[in-house]
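A note on names: the letters A, B, ... follow the listed sequences, proteins ahead of strands, and every chain is numbered from 1.
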Number of protein chains: 2
Amino acid sequence: MKAKNPTIADVAARAGVSVPTVSRVLTGAARVSPAKRELVEQAIAELGYRPSAAARALVSRRPQTIAIIAGNTSRYGYAETIRGIEIAARAEGYTVMITVVESADEDEVDRAIEATLTQPLAGVAVLKFDPPGVAALGKIPGNLPVVALSGVREPNMSQAVLDEAAAAEELTEYLLSLGHETVHHVRVPPSRKVDGRTTGWRRALRRANAAVPPVLDATWEPRSGIAVGRALAADPGVTAVFCGNDEIAMGVMRGIAEAGLRVPGDISVAGFDDNPLAELWSPPLTTVRQDFAGLGRRGFQLLLNAVNGTDDRRHSSERPRLVIRASTAAPGPRR
Amino acid sequence: MKAKNPTIADVAARAGVSVPTVSRVLTGAARVSPAKRELVEQAIAELGYRPSAAARALVSRRPQTIAIIAGNTSRYGYAETIRGIEIAARAEGYTVMITVVESADEDEVDRAIEATLTQPLAGVAVLKFDPPGVAALGKIPGNLPVVALSGVREPNMSQAVLDEAAAAEELTEYLLSLGHETVHHVRVPPSRKVDGRTTGWRRALRRANAAVPPVLDATWEPRSGIAVGRALAADPGVTAVFCGNDEIAMGVMRGIAEAGLRVPGDISVAGFDDNPLAELWSPPLTTVRQDFAGLGRRGFQLLLNAVNGTDDRRHSSERPRLVIRASTAAPGPRR
DNA sequence: ATGAAAGCGCTAACAG
DNA sequence: CTGTTAGCGCTTTCAT
């Protein structure tokens, strides 16, 4: 029943060689005569032997596992980023471990980090998209390679970035160029005080000498946008809205529709991320395409650099791209 | 620079006790006098000591890590299921490792499984939603606890199920009860020959003596539904469409709209899953709510049972719930 | 090129 | 209750 896994000693016995010899053919660390190598490989195949990563990590101190710490695993941007990291890691022979930290509550963060760091890890990638991510980042000991992935650059750390501020600025400028006097902004829960999307929006308004309306807040729940959309529709000064992500934009559009107004006829709405459903929405959503999977890949590369010490590039930034569709237009006469 | 992590020996030395005593306070396996316990805890805190999971797993043979094997990590159902497993696992003190197997290609599956099984694992959860999942499941050695999570029940294995066939049947019956003569079906890539959603749909049609139209296929890409929607719109015999998931339903609706027809006026469309955006769509989408996170939780529980041998329930099935919204209605005169 | 010996950090078994 | 003694499965000296 218990069919114990064969060990390296079993392989050595079967092949009639010593344990270190088996280890040598396994790791390729030293040369082994073709004859013995052949014997060993055959024994491995016959036994279905598989080396124990635990024992390896214990002695060699070069673990082949990285951990991803994230506040969420299922929302679009998070899931895609994780996918990007995983693919890049797998290509390099690394295994990926995931730890979710749902709140920034100190106890929870500590518990999660503890459980994770207990593993033999080559490095850690932190999705710094939200407060839990920021909190987790602060708890990681300095002797472990770390990379942060996020929308806002911060110093003192390896970091892969999607320059959200620049993209938000471009989007806001585009809206202004359509003839809107100002642009309202609905924010998703920010990772901390500064939020790239909000920063870029404000920067564009300031530069254009447009009024800066108060920021509206939504949760991560798409439906939280509905009430916001209704409120916006009730304000005749609102002709263009920039939402923190596409899901919220969809909620806002529904709220606007429920209030009897039309998009983009009465109000233009733009999102952020380019969720795969954005192009299917009616009207198709103007948004900013974020290459989250690419962010993940770049992040892993940076982490690998830190792990190997091969390359000391510590930053990788990319600018998301504006995607203009039909949910935005020149302002019409409201109502 | 290298600030080596403290070991249990460092703690023992600092606390002035033996190594096993430290181990005892760590694991709680045996009683330790309050005085020594106190000393040990203090030493642990001062040193910032953290036990090595690798060493633990090596000797205790009770690993605290489970692996999830999945064909994808970012699509809605997958991501939510993974989230459910992760949350349940974390609550029980388990760490989660993720391996993605993108194709059912034998080499790729083997490589992925090898890399995963190399780790000290308490058990494995396989998302059997697609061919890679099915292939991976077949490769896992019999001595490791395994649970499969999926939409179709299969014997000989611990399994958590969402009874998609029953739900699809109910949905199809509902559509028929509205007065549609038959219901067309757009399938997402099936995990193998039998697909619960398709099975349930066919069952309902047969039972009602309705014609069973040929199945249409879409990919996982939401936009692949557009062409299908157009084709459907071109066929005057089509008055109701059941899509394999909500994203495809959204694509199909767009195709129908592009063809100049209306939903549900000309054609009723229903989805599957209850993606958070389904209720925001216009018109809001009739669908079936799948509790993927719950599936993940139940799956983990089953896995835990297998690992501990505490309980030998090996199956857990739940029936998804029909959610009626505005995208379905009685058939009108087409055109 | 290969084997013997040592030891990674930890827990289990056994004395006391 | 607590310390001593043995390994877990592997890689790394160090001889030969």
Can a donor-acceptor pair be found, under 3.5 Å and without considering hydrogens, that links the side chain of [X] to the backbone of [Y]?
X      : Y      : result
B/E86  : B/V96  : no
A/R298 : A/S316 : yes
B/Q290 : B/L162 : no

Starting the side chain at C-beta, find the nucleotide from [options] nearest to [X].
X     : options               : value
A/R24 : C/dA4, C/dA1, D/dT4   : C/dA4
A/I8  : C/dT11, D/dC8, D/dC10 : D/dC10
B/V19 : D/dC10, C/dA1, C/dT11 : C/dT11
B/T21 : D/dC10, C/dC8, D/dG3  : D/dG3
B/P20 : D/dT5, D/dT11, D/dT2  : D/dT5
A/V17 : C/dG3, C/dC10, D/dT2  : C/dG3
B/K36 : D/dC10, C/dG3, D/dT2  : D/dT2

Rounded distance in Å - [atom1] ([X]) to [atom2] ([N]):
X      : N      : atom1 : atom2 : result
B/L117 : D/dG9  : CG    : P     : 17 Å
B/L58  : C/dG7  : CG    : P     : 17 Å
B/D10  : C/dC10 : CG    : C1'   : 13 Å
A/N5   : D/dC8  : CG    : P     : 15 Å
A/Q64  : D/dC10 : CD    : P     : 16 Å
B/Q119 : D/dC10 : CD    : P     : 13 Å
A/I44  : D/dG9  : CD1   : P     : 16 Å

Distance from B/N72 atom CG to B/I82 atom CD1, nearest 0.5 Å?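 Separation between the atoms: 7.5 Å.
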Rounded to the nearest 0.5 Å, how far apart are CD1 of A/I113 and OG1 of A/T116?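 It comes to 6.0 Å.
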Most 5' of B/A55 and B/R37 on DNA chain D, judged by nearest nucleotide: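 This one resolves to B/R37.
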Within the structure, does a side-chain N or O atom of [X] lie under 4.0 Å from either OP1 or OP2 of [N]?
X     : N      : result
B/R56 : C/dT11 : yes
A/S52 : D/dG9  : no
B/T7  : C/dG9  : no

Under 4.0 angstrom, heavy atoms only, what part of the nucleic acid is B/V22 near: base, sugar-phosphate, or nothing?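 The residue B/V22 makes no contact with any strand.
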